[in-house]
Q: 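I have a structure I would like to understand better, so I am pasting it below and will then ask my questions one at a time.
Predicted, not measured: the structure shown is a model, and the values here were computed from it. So you know, we letter chains A, B, ... as the sequences are listed, proteins then strands, and number each from 1.
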Amino acid sequence: MLSRQIRHLLISNRALSTATSSTSGSSSDTQRPLWRKPESPFVQIPQAWVSSLETIEDQKQGLVDLHPDIFRTSPRIDILHRNLTWQSVYRNVQMTKMLTKAEMPGGGRKPWPQKKTGRAHVGSIRAPQFIRGGFANGVRGPRTWFYMLPDAVRIQGLCVALTLKHTQDDLHIVDNLQNLQNGDPKFWIDLCEARNYGYSVLFVDDADTVSGGLAEAQQALPWLNVMPVYGLNCFSLIKYDTVVLSRNALDRIEERLLGHIHRAGPMNKKYRYMDYKEKILQEAEAEEHPHMPPVV
Amino acid sequence: MICSTLRNLASRTAGSTASFFSTSTVNRTEKLWENPWKYAIPEKTKTLATVQEVPVDWSFVERLMPIGIVPEVPKHESYPTPSGWTPPTDAGKMHPYYVRRRPDHLLPLYLERKRDLLNEKTLDFDYVELVIVRNVDGDVFACEHDLRSFLEEKLGHPVASHVDELKGRIKIKGAPRGLIEQFFYSKGF
């Protein structure tokens, strides 16, 4: 909903600008309208090359302006660290339960009298000192490390990760990822080698599915992966050596992140299960595959 | 009730057999007992409703819906506005530092209440109230120096401050937020 409003604003801006200026090359968008640019004179507008994935060599088609609020924020590694730990920890669930001596079967009776046997003073056969006895301070029951980071921290984490990728020359922009000609894995290995992409590459596109050469390549190569925009997260941005965004993906990411940065209302809203309970329980309602269980 | 009477009338007038099972079922290849459900339950036919889009003026509804994105501030005749708000001016870009406004078009001033020492007489904790200035770009130390000298001149007593250069934050102890706001408005931020 927020991104739709920004899209309307951008479309109206673009219509106004194209009406006045003559249409230059479609991919060279140096004067791309940046929505709500920061007014600070200390903020430079970062730029990135737009290239194509049809040939092995990098044929640069033009430059594109990136929004400084997303691609040139201050490098807050502490916020990025919070995001990464949260992502790796909030899904952890521990199901182990170590039973105490009261929960172990048996052990209700004193095994031998207190005095005159010469044996230790013992109250039950399931005390911790016994073999097959209970645990005194064991791990107790199902436990979760679930917590939600505030929205502002998560949004800033994404912006910081994108900023780091861009400033360290690991972010590339490409015009199109769908229906590419060459699906040969050797071609893709040569392409990534020639362009110095690194150990692993992540391609991000606006659409849910990929078709064409890239689909074939990512099936064959484990270090080459594709992701939709809604799957973007700090962990993946840092895990993969290089991140390649398509032009549509770049527009969509900027729309959504800016929509959240400029949203009306507090950014420190506390997470409450009751706000999301209905949505979570209705998650798989629309899925009615005859054989497979719903994906939740 | 009416339907059944009509059907009876129709069958009588048509002159066909009044029996429940018509002769055509016997001539068909499929027998009744081979698919009893087909004849036991009446046939359900679906009819899709026709759709017609009617042009409706939704503006009366849209103006009641919650705002998604903070809108631009409307133009006022004179500044400062009755609440004391001033828009950022070009004079703000002349300084060696710049304080960026929040997305709500407000100055980035925040309050913090930190717990201080225990007061031995009342046995309550004393609290320290700090004002934090965020989003400071450029030379943060110069900003802090200018702010501190302004506050000390106005208040007459020394003011403590702390600078976090990486985050662009200045913490001020001993000054009311109104004065700090006045300083930043006067600079044009």
Q: If you count every heavy atom of other residues, nucleotides or ligands that lies below 6.0 Å from B:His162 atom NE2, does the total exceed 12?
A: no
Q: Tell me, yes or no, whether the heavy-atom count around B:Tyr127 atom OH, taken from other residues, nucleotides or ligands under 6.0 Å, exceeds 12.
A: yes
Q: Run through A:Pro41, A:Pro38, A:Ser40 and flag the one making a side chain to side chain contact (heavy atoms under 4.5 Å, CB included) with B:Asp137.
A: A:Ser40
Q: In terms of heavy-atom contacts, does OH of A:Tyr199 have more than 12 from other residues, nucleotides or ligands at under 6.0 Å?
A: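 Count not over threshold, so no.
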Q: If you look at every heavy atom in A:Gly259 and B:Ile69, which pair is closest and at what distance?
A: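 Taking every non-hydrogen atom into account, O-CG1, 4.4 Å.
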Q: Please state whether the side chain, the backbone, both or neither of B:Pro88 comes within less than 4.5 Å of a heavy atom of chain A.
A: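 B:Pro88 touches chain A through side-chain heavy atoms alone.
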Q: Looking at every non-hydrogen atom in both residues, tell me the closest pair between A:Phe42 and B:Tyr98 and how far apart they are.
A: CE1-N, 3.7 Å
Q: Given a strict heavy-atom distance threshold of 4.5 Å, which part of A:Arg263 is in contact with chain B: side chain, backbone, both, or neither?
A: both
Q: Taking atom NE2 of A:His81 as the centre, does the number of heavy atoms from other residues, nucleotides or ligands within less than 6.0 Å exceed 12?
A: no
Q: Evaluate the criterion side chain to side chain contact (heavy atoms under 4.5 Å, CB included) for residue pair A:Glu39 and B:Arg101; output intermediate values, then yes/no.
A: CA-CA 9 Å; A:Glu39 282 175 19; B:Arg101 292 263 177 134; over 6 Å; no
Q: Decide side chain to side chain contact (heavy atoms under 4.5 Å, CB included) for B:Lys167 and A:Asp78; before the verdict, give the C-alpha distance in whole Å, the side-chain angles of both, and the deciding distance to 0.1 Å.
A: CA-CA 10 Å; B:Lys167 298 174 191 171; A:Asp78 57 323; 4.1 Å; yes
Q: Look at atom CG of B:Leu155 and say whether more than 12 heavy atoms of other residues, nucleotides or ligands are closer to it than 6.0 Å.
A: yes
Q: Checking side chain to side chain contact (heavy atoms under 4.5 Å, CB included) for the pair B:Glu72/A:Arg36: CA distance, chi angles, key distance, verdict?
A: CA-CA 10 Å; B:Glu72 303 284 349; A:Arg36 293 210 185 162; 3.3 Å; yes
Q: If you count every heavy atom of other residues, nucleotides or ligands that lies below 6.0 Å from B:Glu120 atom CD, does the total exceed 12?
A: no
Q: Just do the side chain to side chain contact (heavy atoms under 4.5 Å, CB included) check on A:Asp69 and B:Arg100 with the steps written out, would you?
A: CA-CA 11 Å; A:Asp69 273 351; B:Arg100 267 183 293 135; 4.3 Å; yes
Q: Could you grab the distance from atom CZ of A:Arg76 to atom CG of B:Leu166, nearest 0.5 Å is fine?
A: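 That separation rounds to 6.5 Å.
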Q: Counting only heavy atoms not in A:Gln282, do more than 12 sit closer than 6.0 Å to its CD atom?
A: yes
